[in-house]
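Heads up, the thing below is written out as structure tokens.
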Amino acid sequence: MEYTDILVIGGGAAGMAAALAASEAGRRVLLCEKEDRPGGILNRCTHRGFGRAFLGRDLTGQEYAGFFAERLYKSAAEVRTGVTVLSLSQDRTALLSGRKGLFRIKFRFCILAAGCLEKTPGSLGIPGTRPAGVLTAGTAQLLENTDGLIAGYRPVILGSGDVGLIMARQFAESGREVVALIEQKDQVGGLLRNRRECLEPYRIPVLLHTAAVEILGRDRITGVRIRDLETGFTRILHCDTLITAAGLIPDRTLCRDLMPAGRLPDWLRLCGNCESIHDIVDSVTREAMALGASLGQEAPRK
Amino acid sequence: MLYTDAAVIGAGVLGCFTARALTELEISVTVIEEKEDVCTGITRANTGIIYTGCDNRPGSRKAAMCVKANREFDQLARGLDVRFSRCGSVMAAFGPRGEDVLRRKYRQGLSNGVPGLRLLSRDELAEAEPLLSRDAVLGLYAPGTGTVEPWELGIAAFENASANGALFRLNEKVIHMERSGSRFILETDRETILARTVINCAGLSADAVREMLRVPAVRIFPTGADYIVLGDSLKGQIRHVIFHEPEEKRKGLTIVPAVDGSILAGPTERSADLAPEGATCAEGLEELRKLCAEVVPDLPLTEQIRTFSALRPNPRSVQRENGRWVPVDHSIRDFLILNEDGLISLIGIKTPGLTCAAELGRFCASLAAGALSGPGRNRHFNPRRTGIPRVHEMKENDRAALIRTDPDFGEIVCQCHDVTAGEIREAIRRGAVTPDGVKRRTGAGMGVCQGCRCISRVQAMLTGMRKNAPQTDSPGHSGTEKPEERHGIY
Ligand SMILES: Cc1cc2nc3c(=O)[nH]c(=O)nc-3n(C[C@H](O)[C@H](O)[C@H](O)COP(=O)(O)OP(=O)(O)OC[C@H]3O[C@@H](n4cnc5c(N)ncnc54)[C@H](O)[C@@H]3O)c2cc1C
Ligand SMILES: Cc1cc2nc3c(=O)[nH]c(=O)nc-3n(C[C@H](O)[C@H](O)[C@H](O)COP(=O)(O)OP(=O)(O)OC[C@H]3O[C@@H](n4cnc5c(N)ncnc54)[C@H](O)[C@@H]3O)c2cc1C
């Protein structure tokens with residue numbers, strides 16, 4: 001069976017930084033990334049706002065990913081893309097699947113940097129039909145920014161966190177009409193800088209205290225019924241797309257069966273959005289580097 | 001103009017099993033389905049339970065078919081390579097009314113010949129289902145109850161019927177029917193089809209299809225149903241199908257540990273007018289959440305991954321009053337199978353229609369054989385079908401070997417259910433034309449992320465393969481298909 005000192009699962013901002021730091025500490029590192037290139041979420045972020053703190057530069061997500069990917073490929077860490085980690089076992093082995101085959105690999109430490117899941121329209125359980133055109137922000141970004149497709153022309157955006165704000169800007173920037181950004185709470189979420197950069201220049205209508213209560217349309221969405229949570233008054237917003245940006249949840253599916261006592265085994269560490277949701281990539285990179293370096297100290301030299 | 005011995009209208013689970021049973025005869029079989037894929041109607045949205053037959057009145061067609069179908073289900077599922085979990089069921093009573101119902105169903109089940117039924121005490125019930133409310137006072141255990149993915153069963157029958165020679169014409173709607181001598185003339189929106197017998201399996205439209213030729217006698221009065229699906233993070237927490245028998249006169253809750261590890265809660269019973277077709281309604285979902293809080297208070301509804309709705313095809317006799325057809329009494333309880341001079345209609349087949357699909361198909365085929373004056377048997381009929389490999393269920397060695405021969409089976413596309421590019425490719429080859437079709441054939445997009453992470457890849461594979469692949473590659477397909485229009489932009 002193959003062996004590595006440190007197995008890194010996921011090649012997003014977190015996985016790349018952890019792998020770099022651990023390999024710089026002289027460890028044998030294997031990073032597995034499901035997609036065909038590293039970068040994770042960053043690959044779908046065509047907007048700027050990455051690296052201001054850590055690199056002192058204002059890069060797009062894709063550029064930020066490129067910066068680290070280049071260093072990663074130059075480092076001693078081994079990178080396998082198109083390889084998904086299927087499961088982890090208590091005996092410190094992982095099962096990997098890719099086009100080259102199904103492998104088991106033994107490791108000393110594992111860094112889980114699998115990122116996060118989005119809350120889906122299905123999990124929100126908004127009553128109504130299930131037409132095309134209802135999608136999460138992440139899917140919309142994937143379609144538009146990596147596949148070159150159009151997610152829609154007249155979206156309603158649900159959720160005013162950073163992700164919702166950035167989506168609103170993405171639509172508005174390309175001349176599409178954002179019907180409204182709706183938010184249940186009484187104020188816009190997200191970072192101050194995003195509020196300023198994403199909403200104001202485009203005069204995006206923001207509806208606070210507002211919930212989506214019904215999805216309308218047969219084949220494709222034609223509108224969303226919304227309720228003003230203060231007055232109880234409902235009305236319909238006509239749109240051709242509903243983008244949900246309702247929150248992110250760390251994706252810890254891989255360690256679900258490893259925590260009978262509710263505690264992670266000592267050989268397993270979480271980082272990046274898999275550990276907790278981060279708004280700013282710079283802090284992901286910083287934390288992951290620290291984790292990689294410290295495990296680099298702990299792992300026995302081989 | 002197309003000639004066929006038997007024309008089946010509708011490719012839901014009943015149409016597919018009817019077609020399959022017809023291919024056991026030495027006749028030509030044509031299935032006409034309005035939608036772009038099979039099993040997108042009632043078959044797509046139901047509870048998926050394989051019933052034992054203890055709910056049906058002794059002597060009824062339902063009781064006889066259901067008991068037999070249940071007994072033979074392992075064999076059917078094995079032959080068609082369909083996942084079937086015989087998880088058993090517990091019915092739970094919460095007071096005197098419920099206890100009476102349970103005892104009656106127990107006796108009824110015994111007289112129907114349902115094996116293994118047992119009444120459970122409060123403690124036994126709690127041991128069987130730890131999440132069930134401790135207010136439950138009596139249980140009825142039925143070890144034979146099971147569950148399937150309903151569309152998986154229907155698609156398996158479709159593939160097997162195709163392999164045995166049935167021609168499936170999709171994207172084609174029957175709009176008019178006439179009788180000419182001993183033949184039926186079916187006008188579709190694309191073709192004229194001459195048939196010697198017609199089997200009407202049109203689901204919610206079965207009454208309308210029948211009335212293309214006959215005066216109204218039975219109409220379908222749909223009611224709505226809502227469901228909640230919880231993700232597989234709760235796998236193992238619900239062990240049996242749970243039937244809640246409420247004290248008040250209302251619909252109880254059913255909970256199903258589905259074969260893919262998710263948990264289904266529902267269905268409600270509500271007016272169909274509360275929401276448009278295919279839509280859930282707020283009242284229904286609210287009702288379900290309340291019921292869950294009563295019956296399984298510790299089941300975390302926060303794990304909800306989707307909701308969906310269904311329509312029940314309630315059949316009722318109608319008569320003419322002041323120029324309108326009005327229902328004369330309550331819903332017809334038993335399976336209604338009409339044979340009117342070679343026009344065979346399955347009207348308003350509700351629960352346990354899925355359980356009995358193979359039985360009902362066989363029954364319709366025997367009626368059709370009568371109408372065709374006893375055709376010979378098809379000696380080449382092969383009852384077996386092999387499904388798409390379910391890579392994540394394979395043993396490690398077999399899986400590794402498969403990847404060596406075909407690397408597509410190593411490439412994970414849907415991370416929630418570990419579905420590979422190979423499986424998706426195979427689903428498309430077998431007839432999936434939309435992401436939804438891929439989902440129903442492989443489970444890709446059915447998990448906690450609901451396709452967020454894989455939809456773009458699945459769509460790309462659909463577009464790519466449909467551009468390159470020869471049309472004949474998919475079994476039983478003919479004619480043009482037009483799904484991209486609907487799914488080109490998201
Ligand atoms: C819409 C959006 C906009 C943002 N905008 C900004 C911004 O403007 N400025 C900023 O500083 N920050 C921004 N962020 C935050 C920042 O980009 C993220 O917090 C950071 O990129 C997360 O990195 P990660 O490595 O934790 O996760 P991800 O990037 O999600 O990486 C996880 C990786 O793991 C892989 N993976 C998962 N499971 C497996 C497995 N089993 N086997 C193999 N591989 C697996 C995935 O394919 C993925 O590549 C934004 C985030 C989002 C969602
Ligand atoms: C809410 C609910 C829960 C249920 N739960 C269970 C259960 O747990 N266990 C069980 O055993 N049974 C259950 N059933 C019953 C079972 O689901 C049905 O009996 C079965 O699925 C009916 O299948 P079908 O083929 O008749 O209908 P459908 O799947 O609706 O198929 C009919 C097809 O006909 C096509 N069609 C209609 N008109 C035309 C036309 N003019 N031209 C061409 N095509 C046409 C439609 O497009 C459709 O595809 C349930 C039913 C409901 C409603």
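A, B, ... follow the sequence lines: proteins, then strands. Residue 1 opens every chain. The figures here come from the full heavy-atom set of this structure, side chains too, leaving out hydrogens, waters and symmetry mates.
Here B:Gln450 contributes atom CD and A:Arg130 contributes atom CZ; the two are 8.0 Å apart, rounded to the nearest 0.5 Å.
Residue B:Glu303: no heavy atom, backbone or side chain, is found under 4.5 Å from chain A. With a 4.5 angstrom heavy-atom cutoff, A:Ile126 touches chain B only via backbone atoms. With a threshold of 4.5 angstrom between heavy atoms, B:Val448 approaches chain A through its backbone and through its side chain. For A:Thr120, the part lying near chain B is the side chain, with the backbone staying farther off; criterion is any non-hydrogen pair under 4.5 Å. Both the backbone and the side chain of B:Glu396 come within less than 4.5 Å of a heavy atom in chain A. Heavy atoms closer than 4.5 Å to chain B are found in the side chain of A:Leu95, but not in its backbone. For B:Asp408, the parts lying under 4.5 angstrom from a heavy atom of chain A are both the backbone and the side chain. The contact between B:Ser233 and chain A is made by backbone and side chain atoms together, counting heavy-atom distances below 4.5 Å. The parts of B:Ala282 that come within reach of chain A are both its backbone and its side chain, each placing non-hydrogen atoms under 4.5 angstrom from that chain.
For chain A, the option among B:Arg404, B:His392, B:Glu283, B:Arg399 with the highest count of heavy-atom pairs below 4.5 Å is B:Arg399. Among A:Gly82, A:Ser97, A:Gly138, A:Ala140, the residue with the largest count of heavy-atom pairs under 4.5 Å with chain B is A:Ser97.
In this structure, B:Cys452 and A:Leu142 approach most closely via the heavy-atom pair O-CD2, 4.1 Å. Here the shortest heavy-atom pairing between A:Leu143 and B:Ser456 reads CD2-CB, 3.7 Å.
The 12-atom threshold is exceeded at NZ of A:Lys106, counting heavy atoms of other residues, nucleotides or ligands nearer than 6.0 Å. In A:Arg92, the CZ atom is crowded: over 12 heavy atoms of neighbouring residues, nucleotides or ligands sit closer than 6.0 Å. Heavy atoms from other residues, nucleotides or ligands lying under 6.0 Å from CD of B:Glu277 number 12 at most. For A:Arg256, the CZ atom counts as densely surrounded, since its 6.0 Å shell holds more than 12 non-hydrogen atoms of other residues, nucleotides or ligands. Few gaps surround NZ on B:Lys251; more than 12 heavy atoms of other groups in view lie less than 6.0 Å from it.
One finds no salt bridge joining A:Arg99 and B:Asp406 here, because no Lys/Arg side-chain nitrogen approaches an Asp/Glu carboxylate oxygen to under 4.0 Å. Between A:Asp251 and B:Arg453, at least one side-chain nitrogen of the basic residue sits less than 4.0 Å from a carboxylate oxygen of the acidic one, meeting the salt-bridge criterion.
Counting heavy atoms from C-beta on, the side chains of A:Lys100 and B:Pro407 never come closer than 4.5 Å. A:Leu86 has its side chain within reach of B:Ile412: a pair of non-hydrogen atoms, C-beta onward, lies under 4.5 Å apart. Inter-residue side-chain proximity for B:Ile305 and A:Ser123 is flagged as unmet; no heavy-atom pair is nearer than 4.5 Å.
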